[in-house]
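Each remark here refers to the structure printed beneath this line.
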Amino acid sequence: MAEIQPRYEFRVWAKTLDEPRKRLAAVPGGKPQESTETYILSAATSTTNVKIRAALMDIKELVREQDGLEQWNPTLKEEFPIVAAIVSSKILPGLRAEVPKLSRERYTLDEFLREVVATHPKLKAVSLTKFRTQYKIDGCTAEFTEVRINDAQAQTVQTVAVESEDPAAVRGVVTRLGLGTTPNVNYIRELKRLAGMGG
């Protein structure tokens, strides 16, 4: 299996993103999909992206910021149940969160969220549903996603993203979609803002 390489990303958020959505919709071959995911947010950092989807934990770390882009490197993909050693040596240190005494040898998803995340003063789990359509454009993966935050406020926002291993290609597609003057805001920073955690 080929090693996954760090990728450059550019992402924007708004209540509505009709213009870039229309430009992406003109690209043939869009693939719509729906998923329910949980992000683990940390008050101590916005440079570690911890996402759980279909009982698989997926972690990536921010490597660098370059010319308005962010380069992210995948560091962990692990199915639940997860052994405590990974929780204590990789997951919590990546979130810059102190490691408490762990009472289990391995954790199911529910146990991890209930016993590790919910009880930690620096961590917060945010559940959301994504309605996403992905496109291939000029050597990049681009997507339009409607994100519904599954909390009491049931907030819904839209995001458009472009990513590739080639930063020049990402910048070209960002310009093509008319997003060149918009700030680049990653998932963690936006979810922390929506959750009242700053970022």
Side-chain angles (χ1 to χ4, degrees), residues 1-11 13 33 35-66 69-130 132 134 141 143 145 147 149-151 159 161-165 167 170 184-199:
M1 181 180 294
E3 181 181 353
I4 299 176
Q5 298 297 318
R7 296 172 70 86
Y8 290 90
E9 299 183 11
F10 184 92
R11 181 177 296 276
W13 298 81
Q33 55 185 301
S35 63
T36 300
E37 305 176 7
T38 300
Y39 281 76
I40 309 301
L41 309 181
S42 171
T45 183
S46 297
T47 62
T48 302
N49 184 314
V50 178
K51 175 178 68 179
I52 302 166
R53 178 173 60 198
L56 178 70
M57 176 169 285
D58 188 342
I59 300 180
K60 58 185 180 180
E61 297 274 355
L62 181 62
V63 177
R64 65 172 59 86
E65 297 181 59
Q66 176 180 318
L69 307 181
E70 294 181 340
Q71 188 186 38
W72 293 83
N73 184 43
T75 59
L76 179 72
K77 286 186 182 291
E78 191 76 24
E79 292 184 354
F80 284 91
I82 290 180
V83 297
I86 292 179
V87 176
S88 62
S89 67
K90 294 185 178 180
I91 299 171
L92 293 180
L95 290 165
R96 314 296 190 267
E98 296 81 4
V99 179
K101 182 178 180 180
L102 300 177
S103 59
R104 301 179 185 273
E105 291 185 359
R106 61 182 61 239
Y107 287 83
T108 66
L109 173 56
D110 287 343
E111 290 166 347
F112 174 76
L113 294 177
R114 184 177 64 250
E115 299 176 17
V116 178
V117 177
T119 61
H120 201 291
K122 289 185 179 179
L123 303 181
K124 181 181 180 65
V126 175
S127 173
L128 50 85
T129 302
K130 296 180 182 179
R132 177 173 60 184
Q134 288 189 321
T141 299
E143 67 176 37
T145 308
V147 179
I149 312 298
N150 299 330
D151 61 10
T159 179
V162 183
E163 66 174 45
S164 170
E165 297 171 14
V170 174
N184 181 10
V185 179
N186 63 54
Y187 252 103
I188 299 304
R189 287 172 57 199
E190 181 65 10
L191 291 179
K192 287 177 70 173
R193 185 188 71 81
L194 293 172
M197 295 178 69

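- Evaluation of the salt bridge (charged side-chain N to carboxylate O under 4.0 Å, His left out) rule for E163 yields R7 as partners, not counting sequence neighbours.
- Remark: W13 engages Y187 in a ring pair (Phe, Tyr, Trp, His ring centres under 6.0 Å) (not counting sequence neighbours).
- Rounded to the nearest 0.5 angstrom, R11 CZ and T159 OG1 are separated by 4.0 Å.
- The pair K60-E9 meets the salt-bridge criterion, with a side-chain N (NZ, NE, NH1 or NH2) lying under 4.0 Å from an Asp/Glu carboxylate O.
- Between atom CD of residue E143 and atom CD of residue Q134 there is a gap of 5.5 Å, rounded to the nearest 0.5 Å.
- Remark: E78 engages L76, I82, I86 in a side chain to side chain contact (heavy atoms under 4.5 Å, CB included) (not counting sequence neighbours).
- Scanning both residues, S127 and T36, for their nearest heavy atoms gives OG-CG2, 4.2 Å.
- Y107 is linked by a side-chain hydrogen bond (donor to acceptor under 3.5 Å, both in side chains) to nothing, counting only residues two or more places apart in sequence or in another chain.
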Review item, side-chain donor-acceptor pairs of residues 89-97, under 3.5 Å, at least two apart:
residue: S89; atom: OG; partner: A85; partner atom: O; Å: 2.6
residue: R96; atom: NH1; partner: G94; partner atom: O; Å: 2.7

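- K122 meets the salt bridge (charged side-chain N to carboxylate O under 4.0 Å, His left out) test with E98; sequence neighbours excluded.
- For Y8, the ring pair (Phe, Tyr, Trp, His ring centres under 6.0 Å) criterion is met by no residue, not counting sequence neighbours.
- The salt bridge (charged side-chain N to carboxylate O under 4.0 Å, His left out) search around K124 returns none, not counting sequence neighbours.
- Residues satisfying the salt bridge (charged side-chain N to carboxylate O under 4.0 Å, His left out) criterion with E115, sequence neighbours excluded, are R104.
- Pairs of residues two or more places apart, or lying in two chains, that qualify as salt bridge (charged side-chain N to carboxylate O under 4.0 Å, His left out) and include a residue from residues 38-55 are E37-R53.
- The side chain to side chain contact (heavy atoms under 4.5 Å, CB included) check on N186 picks up E70, W72, I188, R189, with sequence neighbours excluded.
- If you take OG on S46 and CZ on R193, they are separated by 13.0 Å, rounding to the nearest 0.5 Å.
- When all heavy atoms of P81 and R106 are compared, the pair lying nearest together is O-NH1, 4.0 Å.
- Rounded to the nearest 0.5 angstrom, I59 CD1 and N73 CG are separated by 12.0 Å.
- Using a 4.5 Å heavy-atom cutoff, the side chains of T48 and S42 are not in contact.
- Going from atom CD1 of I40 over to atom CZ of F112 covers 5.5 Å, rounded to the nearest 0.5 Å.
- V117 and A125 make their closest contact through CG1-N, 3.8 Å (heavy atoms, listed as atom of the first residue, atom of the second, distance).
- Partners of T45 by side-chain hydrogen bond (donor to acceptor under 3.5 Å, both in side chains), not counting sequence neighbours, listed by chain and number: T47.
- Across every non-hydrogen atom of P100 and H120, the tightest pair is CD-CD2, 4.3 Å.
- Annotation: side chain of L62 is not in contact with side chain of N49 (no heavy-atom distance under 4.5 Å).
- Atoms CG and CZ, on L109 and R114 in that order, are 10.0 Å from each other to the nearest 0.5 Å.
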Exercise for the section: Test side-chain contact (heavy atoms from CB on, under 4.5 Å) on Q5 and Q71 and set out the steps. Expected result: CA-CA 10 Å; Q5 298 297 318; Q71 188 186 38; over 6 Å; no

